[in-house]
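Notes follow the structure.
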Amino acid sequence: MTWLLILILVPLAGSLVLAFLKGNDRAAVLAALGFSILEFVLVIPFWLSYHAAGPRLQMTSSFDWIPTFGVHIAFGTDGIALIMIAVIALLVPIVVGGLGTMDKLPPGRSAGGFLSLILLQEALTIGVFAATDVFLFYVLFEIMLIPMYFLIGGYGGANRQYAAVKFFLYSFLGGLIMLASAIGAYSLAADKLGKGTFDWATLVTVVREAPLSTQIWLFLGFFLAFAIKAPLVPFHTWLPDAAGEAPIGVAVLLVGILDKVGTFGFLRYCLPMFPDASKTLAPLVLVLSVIGVLYGSILAAGQRDMKRFIAYVSIAHFGFISLGIFTFNEQAMIGSATYMLNHSLATGMLIVVIGLVIARGGSSKISDYGGMAKVTPLLAGLFLLAGLSTLSLPGTNSFVSEFLVLIGSFVDQPVYTILATVGMVLAAAYVLWLYQRVFQGPVRGDALVGVGGGPGTAIAPELGAKKAIRDLDGREIAILAPLVVLIIVLGFYPKPVLDTVTPTVQQTLSAVQGGK
């Protein structure tokens, strides 16, 4: 029993317990909070047990699953997987704690069912980041779509079924194409070793010796699955619909965690297994990355819905992350790896704060708000902090990551880097524009000023009655506090994260440079 197995089994056990608490919402919330906090506590010794200077895969475990085909239930972690496991363990208690304040369940839906799916999603996602058997990775990659499908389709907005089906079909199709490439890699191993295997470490040594044409075809299968998941333009269209219709807590996990499986896949699978193909096709990926940065930034500036705004902002950020990965520069790649964590923190906090705004105003439309800083100054301040972190202001956690991507990418790809920098300018514009429209100026909009009412009142649509607009309470401050602390601390002292991911990045680059 290793740390990784424990970290997978704890939320899985919590999910099973919650499945039997559907009739008692209070007990379900307390149980989910207990399991999720326990998971976070267990991550601390897990992090401390990791030795950055040691082998790439640590805390490994392996059990026979389908011996005939060389398939194992095998887990291990590297520095990049470690930070993603840590951030999901942080975000899930925030999602659970926000139920009832930033999220309200539809009539007839129980907290037990919702939270059971949340914990199941946590267990499966940790399994995806930890899997070291390629077939197991594929299976978990597909299975983790199921709880997210039900979370969006069962608890989302008016168009939730369309968004859930679109999300599922895109990712599922990408996974099937990846499976075809995984079988191709298995066949290469069988030809060379006399016996097929899906072991990641073994496939890295075997597939990298394949002819360039073979590598390219296998690379494309993995890349397409990860480009959909990330998502890169033009494979992005599912994200605005899914994020726009998902409950706030689900959107935190979808945009903050699940999308990182794509960029993680680039680093864990595409580059080490197919180094020559990665270098050959890098110009294409860089073009898509820069298009994503500019396209996402421009469309974010034009959004009328705050939740869809977040989706397009993330599309721009994922383009930036993939830019740093496919320049094959150490500084840029370290920046991209840490950006995965910092994007989760900054965007996760921004989604939570937007959820608190929506909970007060009853609308996600930007035009329904104005002057909220006069009524909710603390909420306005934290919204601004999350926004500044999103646009990578110096002193916030995202700045170091973005700076490393820029200085590293400029060395090898100056044209692409200059074009991507335009996206940074646009980021400052669209984030501050959103803040100005929602929180500054006169109090306006039916969401904040009721018929015949003044500032600080609103209309409850279902009752037609006025209600007070209040600032953050103690529970909401407690939900946001960990994110605030990490955004500020990592802004001034990013060393623990940089030290964790740097050896893994160096090993990845060594694998790429060691190609034929």
Side-chain angles (χ1 to χ4, degrees), residues 2-4 7 39-60 75-91 126 129-130 132 201 256-257 260-261 263-268 271-272 317 320-325 327-346 348 389 392-409 411 482-513:
T2 66
W3 275 116
L4 277 171
L7 291 177
E39 179 80 352
F40 178 72
V41 170
L42 291 173
V43 162
I44 297 173
F46 173 68
W47 183 296
L48 296 176
S49 299
Y50 181 81
H51 300 287
R56 174 162 186 169
L57 295 179
Q58 299 181 32
M59 289 169 273
T60 58
F75 297 108
T77 188
D78 59 19
I80 300 171
L82 175 64
I83 63 172
M84 296 314 303
I85 292 170
V87 78
I88 190 173
L90 171 69
L91 291 179
I126 291 174
F129 286 119
T132 58
I257 299 296
K260 305 302 189 304
V261 173
T263 49
F264 172 80
F266 293 154
L267 291 164
R268 171 67 72 84
L271 270 60
H317 287 163
F320 209 82
I321 293 171
S322 60
L323 169 68
I325 293 173
T327 54
F328 307 116
N329 175 280
E330 182 176 325
Q331 285 181 317
M333 197 175 290
I334 292 171
S336 292
T338 56
Y339 213 150
M340 291 165 61
L341 168 68
N342 289 322
H343 176 270
S344 296
L345 297 175
S389 177
S392 301
L393 183 79
T396 63
N397 61 319
S398 301
F399 170 73
V400 174
S401 299
E402 191 164 281
F403 181 71
L404 287 173
V405 171
L406 287 174
I407 61 174
S409 299
V411 173
L483 297 173
V484 172
V485 170
L486 287 172
I487 284 173
I488 295 173
V489 170
L490 293 179
F492 288 94
Y493 189 68
K495 187 176 184 297
V497 174
L498 293 174
D499 288 347
T500 300
V501 304
T502 296
T504 301
V505 167
Q506 291 172 339
Q507 291 161 345
T508 301
L509 275 176
S510 177
V512 173
Q513 294 164 356

Worksheet item: Does some side-chain heavy atom of Thr500 sit less than 4.5 Å from a side-chain heavy atom of Ile83?
Response: yes

Discussion item. So Phe46 and Ile85, do their side chains get closer than 4.5 Å, heavy atoms only?
Written reply: yes

Worksheet, complete the sentence: All heavy atoms of Phe75 vs all of Thr132, minimum pair found to be N-OG1, 3.6 Å

Discussion item. Pair Leu341, Asn397 - check side chain to side chain contact (heavy atoms under 4.5 Å, CB included), show working.
Written reply: CA-CA 9 Å; Leu341 168 68; Asn397 61 319; over 6 Å; no

Worksheet entry | Heavy-atom side-chain contact between Ile321 and Val405 under 4.5 Å | no

Fill in: Between CZ on residue Phe40 and CG on residue Leu7, distance to nearest 0.5 Å
12.0 Å

Worksheet item: Quick one: does Phe328's side chain get under 4.5 Å of Leu271's, heavy atoms only?
Response: yes

Fill in: Minimum side-chain heavy-atom gap Thr504-Leu82 below 4.5 Å
no

Response to the item:
Interatomic distance, CG@Leu490 vs OG@Ser389, rounded to 0.5 Å, equals 9.5 Å

Discussion item. With rounding to the nearest 0.5 angstrom, report the OH to CD distance, Tyr339 to Glu402.
Written reply: 4.0 Å

Worksheet item: Distance only, no hydrogens: is a donor on one side chain within 3.5 Å (strictly under) of an acceptor on the other, for Ser392 and Ser398?
Response: no

Worksheet item: For Val400 and Gly491, which heavy atoms make the closest approach, and how far apart are they?
Response: CG2-O, 4.4 Å

Worksheet item: Looking at CG of Leu267 and OG of Ser322, how far apart are the two atoms once the value is rounded to the nearest 0.5 Å?
Response: 10.5 Å

Fill in: Considering all heavy atoms, the nearest Glu330-Val505 contact
O-CG1, 4.1 Å

Worksheet, complete the sentence: In short, Thr327 meets Ala332 closest at the heavy-atom pair OG1-CB, 3.5 Å

Worksheet item: Side-chain contact, heavy-atom cut-off 4.5 Å: Val501 with Met340?
Response: no

Worksheet item: Could you state the interatomic distance from CZ (Phe266) to OG1 (Thr508), rounded to the nearest 0.5 Å?
Response: 14.0 Å

Discussion item. Does the plane of the ring in His317 sit parallel, tilted or perpendicular to the ring in His343? Use 30° and 60° as the thresholds.
Written reply: perpendicular

Worksheet item: Do Phe399 and Leu393 have side chains that get closer than 4.5 Å, going by heavy atoms?
Response: no

Worksheet item: Looking at side-chain heavy atoms only, is the closest gap between Ile257 and Phe129 below 4.5 Å?
Response: yes

Worksheet item: For the residue pair Ser401 and Asn342, what are the closest heavy atoms and their distance?
Response: OG-ND2, 2.7 Å

Discussion item. We want to know whether Ser409 and Asn329 form a side-chain donor-acceptor pair, criterion being a heavy-atom distance below 3.5 angstrom.
Written reply: no

Fill in: Pairs meeting criterion side-chain hydrogen bond (donor to acceptor under 3.5 Å, both in side chains) with involvement of residues 75-86, two or more places apart
Arg56-Asp78, Asp78-Arg268

Worksheet item: Which pair of heavy atoms, one from Phe264 and one from Ile80, lies closest together, and at what distance?
Response: CD1-CG2, 3.9 Å

Worksheet item: Could you give the distance from CG (Leu404) to CE (Met333), rounded to the nearest 0.5 Å?
Response: 13.0 Å

Response to the item:
Residues passing the side chain to side chain donor-acceptor pair (under 3.5 Å) test with Gln507, sequence neighbours excluded, are none

